[in-house]
Amino acid sequence: MSATSPAAVVVLAAGEGTRMKSKTPKVLHEISGRSLVGHVVAAARELDPQHLVVVVGHASEQVTAHLNAGDTVRTAFQAEQNGTGHAVRMGLEELGGNVDGTVIVVCGDTPLLSGETLGALAATHAADANAVTVLSAEVPDSTGYGRIVRDAATGAVTEIVEHKDATDEQRAIREINSGVFAFDGRLLGDALGKVRTDNSQGEEYLTDVLSILREAGHRVGASVAGDHREILGINNRLQLAEARRLLNERLLERAMLAGVTVVDPSSTLIDATVTYERDAVVHPGTQLLGTTHLAEDSEVGPNSRIENTVVGAGARVDNSVTLSAEVGPGASVGPYAYLRPGTRLGTKAKAGTFVELKKTVVGEGTKVPHLSYVGDATIGDHTNIGAASVFVNYDGVAKHHTTIGSHCRTGADNMFVAPVTVGDGVYTAAGSVITKDVPAGSLAVARGQQRNIEGWVARKRPGSAAAQAAQASPQETDGQS
């Protein structure tokens with residue numbers, strides 16, 4: 001923990017969010033690879049707090065399961081949503097009551113809030129020795145927001161005035177309350193016990209703590225966010241889409257400043273969990289999702305969906321979809337290929353046009369160039385799979401494995417009926433259906449012999465266009481045309 005690391009961060013995520021008009025709890029709606037509350041938790045963790053607790057209420061089991069899907073997150077249950085003050089009280093009770101040190105309270109529906117801004121809030125709170133520090137922002141239009149009223153001499157916050165209660169002079173103030181606060185933990189615990197519910201909603205308001213502490217002689221300050229858009233909360237699908245756009249712009253900017261070429265940022269999507277190295281290139285219409293990693297000099301797109309995929313140094317993915325796959329250094333995918341989960345392409349391997357691979361390991365330099373399906377297979381190094389090949393892996397009940405060796409040349413329109421093993425250095429004839437193991441170095445031919453029935457068209461399709469073309473065609477007789 002650093003000197004300004006808070007003792008606790010309390011994330012408020014108990015509300016239903018009815019304006020989302022969704023069966024999904026508001027805080028679980030996703031943008032840029034994380035849920036709304038997931039973004040907030042990630043930002044909070046950047047502060048390295050001693051304690052982190054998320055207050056849940058509506059759909060608590062679902063929200064808790066989501067939070068614990070990847071890493072355990074401590075939660076507090078707010079059985080009845082009796083206001084923000086009550087929610088914070090539930091969070092502190094989960095932590096054993098009063099907390100020594102700084103307690104930061106943040107809303108679970110503010111996905112644009114950065115760890116950097118929360119860190120600045122904690123630093124200001126410590127430097128100014130405040131009892132409470134409000135995260136504020138200066139906005140172009142403050143209509144509808146609570147105004148931050150400061151003491152002109154000291155800069156201390158004297159009050160937060162709601163828009164409906166503000167004078168004309170106060171309404172001209174552009175600094176607004178974000179609903180995010182840093183508190184002295186001991187003072188917070190004591191003040192929450194004094195919050196009343198004699199208001200129109202009959203709820204415990206967290207903002208009442210500010211006036212309680214100020215009236216007790218304690219200082220209330222404010223830390224201004226560098227970008228007012230960070231404090232935006234999400235209440236409906238329009239705001240969700242706008243937050244997605246803003247966050248995507250931020251993430252792409254970060255990637256480009258790190259050395260990634262993004263040809264058209266307006267048509268490119270990137271998740272917060274994507275990583276990359278310098279000189280990677282992203283072409284228009286590409287989605288980089290999940291835990292995808294772009295290695296140095298890799299090139300992806302256009303019009304590609306790259307999800308949970310490692311794209312190796314110098315590899316190329318063109319007009320394709322890759323899901324939970326690995327594309328080795330110098331390998332190429334597409335155009336119009338589909339790599340399904342469990343696929344691993346070795347160094348300089350190829351999955352070409354209209355190729356689908358599933359749970360398949362493709363060796364170094366091996367090519368599956370055209371119009372093929374390969375499922376549940378291992379293919380060795382420097383092998384070529386002929387066009388229009390199918391690895392028949394499913395018998396209607398179970399999936400079976402196919403093994404193809406190294407330096408093989410399989411013919412076009414082959415079917416490999418699993419389970420089957422083809423040894424190293426094997427050739428297979430075009431049109432073969434391989435149902436038995438093939439020893440190394442063999443030629444496998446598995447097809448019926450061709451038989452030509454002369455005159456069949458004239459007899460069976462007399463008068464047809466085919467018959468007329470055949471009749472007009474020059475015929476070979478006795479070796480002479």
Side-chain angles (χ1 to χ4, degrees), residues 1-14 27 31-56 63 66-68 70-76 84 87-88 90-92 94-137 177-189 206 209-210 220-233 243 247 250-251 254 272-273 275:
M1 292 177 62
S2 69
T4 58
S5 293
V9 176
V10 179
V11 180
L12 307 184
V27 296
I31 60 171
S32 301
R34 291 188 180 124
S35 65
L36 301 185
V37 70
H39 282 288
V40 176
V41 167
R45 280 184 165 149
E46 291 184 32
L47 277 63
D48 191 23
Q50 185 177 352
H51 301 289
L52 172 63
V53 61
V54 179
V55 181
V56 299
V63 176
H66 168 78
L67 289 169
N68 292 327
D71 191 13
T72 302
V73 177
R74 195 169 186 174
T75 58
T84 51
V88 173
M90 296 299 99
L92 294 182
E94 172 64 26
L95 299 177
N98 289 341
V99 174
D100 284 322
T102 300
V103 175
I104 291 180
V105 177
V106 61
C107 301
D109 63 351
T110 53
L112 298 176
L113 192 59
S114 67
E116 181 181 0
T117 295
L118 287 177
L121 170 65
T124 299
H125 181 73
D128 294 349
N130 293 329
V132 187
T133 307
V134 183
L135 179 63
S136 65
N177 172 33
S178 70
V180 177
F181 305 94
F183 293 95
D184 178 290
R186 286 289 175 182
L187 295 176
L188 171 63
L206 182 61
V209 170
L210 279 66
V220 177
S223 175
V224 183
D227 184 346
H228 70 272
R229 297 174 299 181
E230 282 198 31
I231 70 170
L232 294 175
L247 184 54
R250 181 197 298 176
L251 294 168
R254 185 181 301 167
T273 45
T275 55

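As the structure is a computational prediction, the values presented were derived from the model and not from experiment.
Taking the side chain as every heavy atom from C-beta outward, V224 and S136 approach each other to under 4.5 Å. Here the side chains of L36 and I31 are in contact, with some heavy-atom distance below 4.5 Å. Counting heavy atoms from C-beta on, the side chains of F181 and T84 never come closer than 4.5 Å. Looking only at side-chain heavy atoms (C-beta outward), H125 and P6 stay at 4.5 Å or farther from each other. Using a 4.5 Å heavy-atom cutoff, the side chains of L112 and R250 are in contact. Residues S32 and L251 meet the side-chain proximity criterion, which asks for heavy atoms closer than 4.5 Å. A 4.5 Å side-chain heavy-atom check between T133 and D128 finds every atom pair outside the cut-off.
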Please lay out, stage by stage, how I231 and V180 fare under the test side-chain contact (heavy atoms from CB on, under 4.5 Å). CA-CA 8 Å; I231 70 170; V180 177; over 6 Å; no
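Side chain of D227 to main chain of R229: a donor-acceptor pair is present (N/O by atom type, distance under 3.5 Å, no hydrogens or angles). Using a distance-only test at 3.5 Å, with no hydrogens or angles considered, no donor-acceptor pair links the side chain of T110 to the main chain of G233. Here the side chain of D184 pairs a donor or acceptor atom with the backbone of L187 at under 3.5 angstrom.
Legend: residues meeting salt bridge (Lys or Arg N to Asp or Glu O under 4.0 Å) with E230, ordered by chain and number and at least two apart, are absent. Listed by chain and number, the residues in a side chain to side chain contact (heavy atoms under 4.5 Å, CB included) with A13 are V27, V37, V54 (sequence neighbours excluded).
Note that CG of L232 and SG of C107 are 12.0 Å apart. Values are rounded to the nearest 0.5 Å. With values rounded to the nearest 0.5 angstrom, H51 atom NE2 is found 11.0 Å from L92 atom CG. Taken from OG1 in T124 to CG in N130, the straight-line distance is 8.5 Å, to the nearest 0.5 Å. To the nearest 0.5 Å, the span separating CG on L210 from CG on N177 amounts to 8.0 Å.
Nearest heavy-atom pair, R74 versus L52, reported as atom, atom and distance to 0.1 Å: CB-O, 3.4 Å. Contact between A225 and T117 at its shortest, heavy atoms only, is CB-CG2, 4.1 Å. Across L135 and L121, no two heavy atoms sit closer than the pair N-CD1, 4.0 Å. Minimum heavy-atom separation, V55 to A87: CG2-O, 3.5 Å. The two residues A76 and M90 make their nearest non-hydrogen contact at CB-O, 3.6 Å. H39 and A272 get closest at one heavy-atom pair: CE1-CB, 4.1 Å.
Checked for salt-bridge contact, D71 and R45 meet the test: a charged N lies under 4.0 Å from a carboxylate O.
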